[in-house]
Amino acid sequence: MTDTLTPILTKFWDDPQSWTLATYERHDGYKALARALTMEPQAIIDAVKDSSIRGRGGAGFPTGMKWSFMSPPDGGPRYLVVNADESEPGTCKDIPLMMANPHSLIEGVAISSYAIGCEHAFIYLRGEVVHVYRRLLRAVEEARAAGHLGDNVGGKGVTIDITVHAGAGAYICGEETALLDSLEGRRGQPRLKPPFPGAAGLYARPTSVNNVESIASVPGIILEGSDWFKGMGTEKSTGFGIFSLSGHVANPGQFEAPLGITMRELIELAGGMRGGKKLKFWTPGGSSTPIFTDEHLDVPLDFDSVAAAGSMLGTRALQVFDETVSVVRAVARWTDFYAHESCGKCTPCREGTWWLRQIMNRIEAGQGTQDDIDKLVDICDNILGRSFCALGDAATSPITSAVKYFREEFEAGMTTPAHELFPPEKSVLF
Ligand code: NAD
Ligand code: SF4
């Protein structure tokens with residue numbers, strides 16, 4: 001089974017001091033940058049396009065296409081902004097990547113910046129992770145001292161520098177335009193799109209906003225070639241990705257594997273279900289994606305197959321819940337989260353998530369009313385597709401999918417509290 005794994009980004013995370021420049025260079029670090037600097041910027045964009053890599057932040061938009069959508073150079077500044085505001089419940093791949101191997105991201109930023117004509121890139125980091133902030137600052141200093149960043153990168157007269165910016169802990173600042181507002185010093189709220197950031201992003205200049213894992217994958221594509229990358233994964237979801245297994249598996253953690261691996265294989269790689277319990281439900285891409293059950297264990301985890309099965313691959317945040325867990329209680333916690341994180345800009349999400357939270361908490365307490373399930377579904381229907389950004393839609397996904405697969409648990413919530421149906425002491429997580 002371990003042949004299924006493709007440790008590339010995670011290859012030497014277990015090395016002592018894996019985060020230092022010396023370790024990275026021992027593993028061919030910055031060789032891709034040296035090669036990239038011998039190439040024309042357009043050739044780098046073409047290689048990334050040819051690899052067909054799709055964004056690893058959740059939406060799966062083709063990275064090379066995003067770069068080529070940027071307005072043509074006009075002599076003014078252009079920006080690369082790395083979205084490192086990883087905050088999706090269950091998602092935990094970018095933070096370990098930046099802790100274990102920050103130079104893979106920095107090398108990716110340097111190559112990508114050179115490709116799109118950016119001289120000053122930003123890494124927008126989730127503010128709560130102070131340890132990652134320190135590690136990135138140190139790694140940027142090391143890279144600058146070694147000539148991998150600065151005014152004369154690789155002795156080629158190319159200027160590339162990086163500012164690491166820590167946000168203030170709002171989930172909405174992971175939405176790319178809210179992130180840009182926050183970076184500009186404003187309250188982070190989503191902007192109207194279009195214009196997309198490629199046309200008018202940071203300081204109204206052409207900007208590419210890319211996920212940490214997407215950018216950290218670029219050095220491999222440059223060094224090994226786009227055919228190497230396309231040789232893994234599926235035809236429309238090429239390459240590899242970090243799958244984060246959390247919850248009721250024996251050995252939770254990061255499993256780097258080709259896209260298209262199944263949950264059944266991943267659970268086996270994680271040592272099976274904890275305590276030999278039965279799987280009840282799981283999320284393919286964090287709490288924003290409709291839940292799956294044991295019916296979906298053989299769905300290939302690529303963008304299209306997961307969508308065809310009724311969910312989204314998202315950030316490959318595979319949260320596993322066994323038979324001891326109340327789906328109502330789990331969904332109620334996610335709903336609390338979305339109601340708390342709603343930025344308040346648009347009415348369907350601001351008001352709707354508040355109503356969803358009241359009803360979910362009522363059902364969890366065993367005090368639901370006869371029409372609560374219909375109300376939940378109706379409110380979700382009025383949020384979905386009517387909200388200003390993806391947060392509103394995301395809040396509805398766990399609810400509508402849980403009602404679809406576990407309606408009887410919601411019905412039981414009209415008379416019996418979740419803690420009686422699923423005593424927390426019998427469950428590891430709740
Ligand atoms: P989106 O589909 O609107 O956009 C994805 C990317 O493609 C953006 O960068 C956007 O600018 C670009 N794009 C889309 N259409 C374009 C066009 N016509 N021209 C140019 N560029 C275009 O999705 P989104 O709202 O940016 O992101 C939603 C995703 O974020 C969800 O799938 C979710 O899984 C993920 N998410 C991730 C986290 C996390 O912690 N990593 C947190 C919350 C949500
Ligand atoms: Fe803000 Fe929610 Fe509207 Fe997004 S959907 S703009 S988070 S209120």
Side-chain angles (χ1 to χ4, degrees), residues 53-71 80-95 97-98 124-126 128-129 167 169-181 187-202 206-215 241-242 244 283-290 303 306-307 311-317 334 337-354 356 382-398:
I53 182 173
R54 294 171 66 171
R56 300 311 198 216
F61 194 83
T63 305
M65 194 185 292
K66 192 186 279 190
W67 289 358
S68 60
F69 278 176
M70 289 178 75
S71 302
L80 172 71
V81 176
V82 176
N83 187 343
D85 192 54
E86 180 172 67
S87 315
E88 170 77 5
T91 303
C92 50
K93 62 185 184 66
D94 296 338
I95 286 169
L97 189 155
M98 291 182 284
Y124 185 101
L125 178 69
R126 179 178 178 182
E128 291 97 329
V129 288
Y171 173 66
I172 193 56
C173 290
E175 195 285 332
E176 60 177 0
T177 57
L179 184 157
L180 295 174
D181 264 17
R187 174 180 176 174
Q189 283 193 316
R191 299 175 181 172
L192 190 65
K193 290 193 275 190
F196 286 95
L202 188 63
T207 302
S208 183
V209 185
N210 293 102
N211 168 261
V212 169
E213 196 187 346
S214 311
I215 294 297
I242 302 174
S244 313
T283 62
S287 63
S288 300
T289 57
F303 290 103
V306 176
S311 190
M312 281 175 68
L313 184 61
T315 49
R316 285 155 280 120
W334 288 327
F337 171 82
Y338 290 113
H340 180 259
E341 295 296 337
S342 168
C343 82
K345 180 165 179 154
C346 68
T347 310
C349 170
R350 185 186 62 238
E351 303 299 320
T353 52
W354 190 86
L356 292 175
N382 278 292
I383 295 177
L384 190 66
R386 293 175 170 84
S387 299
F388 195 78
C389 83
L391 189 148
D393 292 353
T396 71
S397 294

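For ligands, and for the atoms within them, numbers begin at 1 and follow the listed sequence. These figures come from a predicted structure and were not determined experimentally. Quick note: numbers below take in every heavy atom, side chains included, and nothing from hydrogens, waters or symmetry partners.
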> Under a 4.0 Å heavy-atom cut-off, what residues line ligand 2?
Replying inline: Ile172, Pro190, Ser342, Cys343, Gly344, Lys345, Cys346, Cys349, Ser387, Phe388, Cys389, Leu391, Gly392
> Do Lys93 and Arg56 touch side chain to side chain, with heavy atoms closer than 4.5 Å?
Replying inline: yes
> Nearest heavy atom to atom 43 (C) of ligand 1: which of Tyr171, Phe69, Phe303 does it belong to?
Replying inline: Tyr171
> Of the choices Lys193, Glu176, Met65, Glu213, which has the non-hydrogen atom that lies closest to atom 11 (O) of ligand 1?
Replying inline: Glu176
>> Suppose we measure from atom 25 (O) of ligand 1 to each protein heavy atom; which comes out shortest, and what is that distance?
In response: Ala390 CB, 3.9 Å
> Can you check whether Thr283 reaches Trp334 side chain to side chain, under 4.5 Å on heavy atoms?
Replying inline: yes
> Got the closest protein heavy atom to atom 38 (C) of ligand 1, with its distance?
Replying inline: Glu88 CB, 3.7 Å
> Just how far is it from atom CD1 of Ile53 to atom OG1 of Thr63, taken to the nearest 0.5 Å?
Replying inline: 5.0 Å
> Would one find an N or O of Asp94, backbone or side chain, under 3.5 Å from an N or O of ligand 1?
Replying inline: no
> Quick one: CZ on Arg350 to CZ on Phe388, what's the gap to the nearest 0.5 Å?
Replying inline: 13.0 Å
> Considering residues, nucleotides and ligands other than Arg386, do more than 12 of their heavy atoms fall under 6.0 Å from its CZ?
Replying inline: yes
> Quick one: does ligand 1 sit under 4.0 Å from the side chain of Ser87, the backbone, both or neither, non-hydrogen atoms only?
Replying inline: backbone
> Does ligand 1 have an atom under 4.0 Å from some heavy atom of Gly57?
Replying inline: yes
>> Among all protein heavy atoms in this structure, tell me which lies nearest to atom 24 (P) of ligand 1, with the distance rounded to 0.1 Å.
In response: Ala59 CB, 4.5 Å
> So do Glu88 and Tyr171 actually touch side chain to side chain, heavy atoms under 4.5 Å?
Replying inline: yes
>> Using the rule given for side-chain contact (heavy atoms from CB on, under 4.5 Å), can you reason through Trp67 versus Asn210, listing the C-alpha separation, both sets of side-chain angles and the distance that settles it, and then say yes or no?
In response: CA-CA 10 Å; Trp67 289 358; Asn210 293 102; 3.2 Å; yes
> Quick one: OG1 on Thr177 to CG on Leu192, what's the gap to the nearest 0.5 Å?
Replying inline: 9.0 Å
> So, do Val212 and Asn83 sit near enough that their side-chain heavy atoms are less than 4.5 Å apart?
Replying inline: no
>> Is there a polar contact, in the sense of an N or O pair closer than 3.5 Å, between Glu86 and ligand 1?
In response: no
>> For Glu175, state whether at least one heavy atom is located under 4.0 Å from any atom of ligand 1.
In response: no
> Identify the closest protein heavy atom to atom 34 (O) of ligand 1: which residue and atom is it, and at what distance?
Replying inline: Gly58 CA, 3.5 Å
>> As an exercise, state the distance from OG of Ser87 to CD1 of Ile95, rounded to the nearest 0.5 Å.
In response: 7.0 Å
> Does Gly174 reach ligand 1, in the sense of a heavy atom lying below 4.0 Å from it?
Replying inline: no
> Are side-chain heavy atoms of Tyr338 and Trp354 found at a separation under 4.5 Å?
Replying inline: no
> Heavy atoms, side chains only, cut-off 4.5 Å: are Pro190 and Cys343 in contact?
Replying inline: yes
> Are any of the side-chain heavy atoms of Glu176 and Pro197 separated by less than 4.5 Å?
Replying inline: yes
> Considering only protein heavy atoms, which is closest to atom 32 (O) of ligand 1, and at what distance to one decimal place?
Replying inline: Met312 CE, 3.1 Å
> Identify the closest protein heavy atom to atom 18 (N) of ligand 1: which residue and atom is it, and at what distance?
Replying inline: Phe196 CE1, 3.5 Å
> With a cut-off of 4.0 Å, which atoms of ligand 1 are near a heavy atom of Gly314?
Replying inline: 34 (O)
